[in-house]
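What follows is a short report on a single structure.
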Amino acid sequence: MSIESIIKSKVIEAIAGCYEQSVDDKMVQIQKTRREFEGDLTVVVFPFLRFSRRSPEETANDIGNFLKENIEVVADFNVVKGFLNLVIDNSYWISVLNGAVQTPKFGFKPQSADETKVMIEYSSPNTNKPLHLGHIRNNLLGYSVAEILKANGHEVIKVNLVNDRGIHICKSMLAWLRFGEGETPESANMKGDHLVGKYYVKFDQEYKKEVEQLIAYGKHPDEAKKQAPLLLEAQEMLRKWEAGDDEVVALWRKMNDWVLAGFDETYKKMGVDFDKVYFESETYKKGKAIVMKGLEEGVLYQKETGSVWANMESDGLDHKLLLRDDGTSVYMTQDIGTAYERFNEFNIDEHVYVVGNEQNYHFQVLSLILGKLGYKWHDKIHHLSYGMVELPEGKMKSREGTVVDADDLMQEMVNTARDMSNELGKLQGYSEEEAAEVFTKVAMGALKYFILKVDPKKNMMFNPKESIDFNGNTGPFIQYTYARIQSVQRKAKEEGLTVPEQAIANLTISEKESYLIQMVADFPNVVSDAGKDRSPALIANYVYDLVKEYNQFYHDFPIAKEENTDLRDFRLVLSRQIGEIIKNGMSLLGIGVPERM
RNA sequence: GGUCCAGUAGCUCAGUUGGAUUAGAGCAACAGCCUUCUAAGCUGUAGGUCCCAGGUUCGAGCCCUGGCUGGAUCACCA
């Protein structure tokens, strides 16, 4: 039983004893004592005033006396206004630390059948262009949330739905046929996704030329945009693809394979992976049967022209198209079909979709329609919605060339980390491979941490220059602290000190250190909260706070040189445990920590 | 126009189910600190109408109402 729940129950007893009143345990608020006050834990007594009918100070004293007498580890208390600050005995904190030390994978729960089984879909790229900065946020969030859910005991299935069909793919294909001169990733010495992306841009350029020409010949701009020969040809290509035309399908397959190989490389560098990859070319017709059933049951309705709709007016929304006049599926239909399939095939309890906030409306409607169709799991689909990534120069526009390419960005981060390491002479004495491993970890840590520390739902500003700043609330700062902790442990060993498995209980430690232990003990709660909120930012900011506290306390107190051997041992144990937490916490963000840097 | 999201220091961001005279970090600026656990660090100074106005409460950056500003979205696109 935790100290908080013991105090809680005793506070209820105290109120029953002193005032003959019973209070709900929700009214008992216990929090960490703020740093500037003496004590470890604080009970807020304001809610009890109407029971005690005494002043806040008197009430706090009454309860304080009761707690001091009835709980062994409550060593003392003081009262400031309506706040009852309890001093908890050192031995308690040390036993908490020892408990944490002895827990393998501290903060992580083993997989449990009691927890829900969750599918998480993320990344979801188009195969007509390479991944960009927005995808990076998506991928990092998806991977990190999957890790966090696993650490909370959930079984997690990571999936990727690749959008490999549609008019945009045909545009790249057409431009490659027309202007490519047989270029391949090998001959051009380019990643496949970049090569295909190049032709997507090429299409757009040539298309614009055609449109301008048509306008020059007197066409109305709207008409010109629709009648440009390249566009008509691309549309024709899509029709052929859907009809299964051998040549078109072969080309489509070839270029898609290039792109997918390119994506794999990028995912690998980013450190993300999937348990299953879906292709839209295989799923785009799904959902039609479910919609037809809904139509029969009268949940949906059909217009005279043949299209099928859902009336969402009762939910304050408009009407939503589900099948076109020609009976073909739209995006929503497909999502209905794949959701149904996934819940049934994998027997999942929940489904998380990591998709940008421009699709908030889509997912709101998806859940409502599934509810209308009678699926009880319709409220078990969660849209993990994230904000746009903006640049200092303004918004990213692929047509204006202001997108930040994922591969370029990662390479730039690695280059910068290497340059800084060399400049500081940090990695002297390392082999080339070892050095490369370190600055790659640092570079990726910088990028990942910068993005994950921000609340997912907020739009964020990505400043490439700032992200490569290795100070402050950044990944490298945290990695650096970890490396220093490992250095302490190594030095202690070199000096012949055996780092004990546990700290000695009868020891006087500073209030700062008991505060640090409280933070250590908090880690499992933070992991749990991050799971509930699906927010890596909680973990990131917690780890930063812990690191900052650690640095501030121990910068001036070299642990290995502490003369009191019991205290030194205690500090070695605490420091090692904090290192463990940094490593575990960062792994939930998909960030590696180097032993030295 | 309807719906949803956001607004906290010059900039980028935290702020746990409402709690403490003084709302926190980092960056940028200024001033210090290398016999230290690794200076990729630490310490200090300066910087605020928590968008505005009401309301609820012993207590509001947080909750409610109304407004302002910015963003997203409202396709027989995906």
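Reminder, nothing fancy here: chain letters follow the sequence lines and each chain counts from 1. Just so you know, these numbers use all the heavy atoms, side chains as well, and skip hydrogens, waters and symmetry mates. Since the model is a prediction, treat every value here as computed from it, not as a measurement.
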Next on the checklist: Mind checking if V44(A) touches a base, just sugar-phosphate, or nothing, with heavy atoms under 4.0 Å?
Outcome noted: base

Checklist entry - In whole angstrom, what separates I336(A)'s CD1 from A78(B)'s P? => result 14 Å

Checklist entry - Where the side chain of M461(A) is concerned, which of G19(B), G71(B), C13(B) is the nearest nucleotide? => result C13(B)

Checklist entry - Given N128(A) and S172(A), is the side-chain hydrogen bond (donor to acceptor under 3.5 Å, both in side chains) satisfied, shown in steps? => result CA-CA 6 Å; N128(A) 62 331; S172(A) 296; 5.1 Å; no

Item to check | P-based separation of A40(B) from A28(B) [nearest Å] | outcome: 15 Å

Next on the checklist: Please classify the nucleic acid contact of F477(A) as base, sugar-phosphate, or nothing, using heavy-atom distances under 4.0 Å.
Outcome noted: sugar-phosphate

Next on the checklist: Looking at G19(B), I'd like to know if its phosphate oxygens (OP1 or OP2) sit under 4.0 Å from a side-chain N or O belonging to R34(A).
Outcome noted: no

Item to check | Candidates C76(B), G71(B), G41(B) - which lies nearest the side chain of N459(A) | outcome: G71(B)

Checklist entry - To the nearest angstrom, how far is K320(A) atom NZ from C76(B) atom P? => result 9 Å

Next on the checklist: Is it the case that the side chains of T33(A) and D40(A) hold a donor-acceptor pair, with the cut-off being a distance below 3.5 Å and no angle test?
Outcome noted: no

Checklist outcome for this item: The nucleotide from G26(B), A78(B), A6(B) with an atom nearest the side chain of Y331(A) is A78(B)

Next on the checklist: Side chains of F477(A) and N473(A), heavy atoms from C-beta outward: is any pair under 4.5 Å?
Outcome noted: no

Item to check | Separation of A20(B) C1' from Q29(A) CD (nearest whole Å) | outcome: 13 Å

Next on the checklist: I'd like the P distance from G55(B) over to G61(B), given in whole Å.
Outcome noted: 15 Å

Item to check | Candidates C42(B), U38(B), A78(B) - which lies nearest the side chain of R484(A) | outcome: U38(B)

Item to check | Separation of the C1' atoms in A46(B) and C52(B), to the nearest angstrom | outcome: 28 Å

Checklist entry - Where each residue is assigned the nucleotide of RNA chain B containing its nearest heavy atom, which of N163(A) and K81(A) is assigned the position nearer the 5′ end? => result K81(A)

Item to check | Nucleotide opposite G18(B) in a Watson-Crick or G-U pair, distances under 3.5 Å | outcome: none

Item to check | Nucleotide of A40(B), A6(B), U38(B) approaching K458(A) most closely (side-chain heavy atoms) | outcome: A6(B)

Checklist entry - Between F450(A) and K453(A), is there a cation-pi geometry (under 6.0 Å to ring centre, at most 45° from the normal)? => result yes

Next on the checklist: Base, sugar-phosphate or nothing for M420(A)? Non-hydrogen atoms, less than 4.0 Å.
Outcome noted: nothing

Checklist entry - NA contact type, N85(A), heavy-atom cut-off 4.0 Å: base, sugar-phosphate, or nothing? => result base

Next on the checklist: With a 3.5 Å limit on both atom pairs, tell me what G48(B) is paired to, counting Watson-Crick and G-U wobble, or say none.
Outcome noted: none

Item to check | Contact check, side chains of F279(A) and L260(A), non-hydrogen atoms, under 4.5 Å | outcome: yes

Checklist entry - Is the closest side-chain donor-acceptor distance between N138(A) and S124(A) under 3.5 Å? => result no

Checklist entry - Whole-Å distance between A75(B) P and D325(A) CG? => result 16 Å

Next on the checklist: Tell me whether the rings of Y207(A) and F203(A) are parallel (<30°), tilted (30 to 60°) or perpendicular (>60°).
Outcome noted: parallel

Next on the checklist: With a 4.0 Å cutoff (strictly under), does any side-chain N or O of K453(A) reach OP1 or OP2 of A14(B)?
Outcome noted: no

Checklist entry - Does C27(B) pair with anything, Watson-Crick or G-U wobble, both distances under 3.5 Å, and if so, with which nucleotide? => result G10(B)

Checklist entry - When the nearest nucleotide of RNA chain B is assigned to N357(A) and to A537(A) on a heavy-atom basis, which residue is associated with the more 5' position? => result A537(A)

Next on the checklist: Using only modelled atom types and a 3.5 angstrom limit, is any donor from either the side chain of N551(A) or the base of C42(B) paired with an acceptor on the other?
Outcome noted: no

Next on the checklist: I'd like to check, for F83(A), whether its ring lies over the base of A20(B) with centroids under 5.5 Å apart and a plane angle smaller than 30°.
Outcome noted: yes

Checklist entry - For atom P, what is the distance between G67(B) and A78(B), given to the nearest Å? => result 37 Å

Checklist entry - Between K548(A) and G41(B), does any side-chain N or O lie under 4.0 Å from OP1 or OP2? => result no

Checklist outcome for this item: Between CZ of F46(A) and P of G19(B) the distance, given in whole Å, is 12 Å

Checklist entry - What is the base-pairing partner of G61(B), counting Watson-Crick and G-U wobble geometry with both distances under 3.5 Å? => result none

Checklist entry - Quick one: does T42(A) reach the base of A20(B) with a side-chain donor-acceptor pair under 3.5 Å? => result yes

Checklist entry - Would you call the rings of Y301(A) and H319(A) parallel, tilted or perpendicular, where under 30° means parallel and over 60° means perpendicular? => result perpendicular

Item to check | Watson-Crick or G-U wobble mate for A72(B), both contacts under 3.5 Å | outcome: U3(B)

Checklist entry - What is the distance, rounded to the nearest whole Å, between atom NE2 of H319(A) and atom P of U73(B)? => result 22 Å

Checklist entry - Looking for any heavy atom pair under 4.0 Å, which part of the strands does S575(A) touch: base, sugar-phosphate only, or nothing? => result nothing

Checklist entry - Is K583(A) close enough and on-axis enough to Y482(A), meaning under 6.0 Å and within 45°, for cation-pi? => result no

Next on the checklist: Counting the atoms with a prime plus P, OP1 and OP2 as sugar-phosphate, which does D455(A) contact under 4.0 Å by heavy atoms, base, sugar-phosphate, or nothing?
Outcome noted: sugar-phosphate

Checklist entry - Heavy-atom count around K8(A) NZ within 6.0 Å, excluding the residue itself: above 12? => result yes

Next on the checklist: Measure CD1/I485(A) against C1'/U36(B) and give the value in whole Å, please.
Outcome noted: 16 Å

Checklist entry - Counting side-chain heavy atoms from C-beta on, which of C13(B), U38(B), G26(B) comes nearest to M460(A)? => result C13(B)

Checklist entry - So what does Q359(A) touch, heavy atoms closer than 4.0 Å: a base, only the sugar-phosphate, or nothing? => result base

Next on the checklist: Using whole Å, what does the distance between atom P of nucleotide C76(B) and atom OH of Y284(A) come to?
Outcome noted: 20 Å

Next on the checklist: Considering every strand and a 4.0 Å limit on heavy-atom distances, what is the contact class for Y542(A): base, sugar-phosphate, or nothing?
Outcome noted: nothing

Checklist entry - Would you call the rings of Y353(A) and F363(A) parallel, tilted or perpendicular, where under 30° means parallel and over 60° means perpendicular? => result tilted

Checklist entry - With a non-hydrogen cut-off below 4.0 angstrom, is T305(A) in contact with a base, only sugar-phosphate, or nothing? => result base

Checklist entry - Nearest to the side chain of V330(A), which nucleotide is it out of A78(B), G19(B), G71(B)? => result A78(B)

Detail all sub-3.5 Å separations between protein N/O atoms and N/O atoms belonging to nucleotides 2-4 of chain B.
none

Checklist outcome for this item: With syn meaning chi within 90° of zero and anything else anti, the base of C34(B) is syn

Next on the checklist: Closest approach to the side chain of Q31(A), judged atom by atom: which nucleotide of G7(B), A20(B), C76(B) is it?
Outcome noted: A20(B)

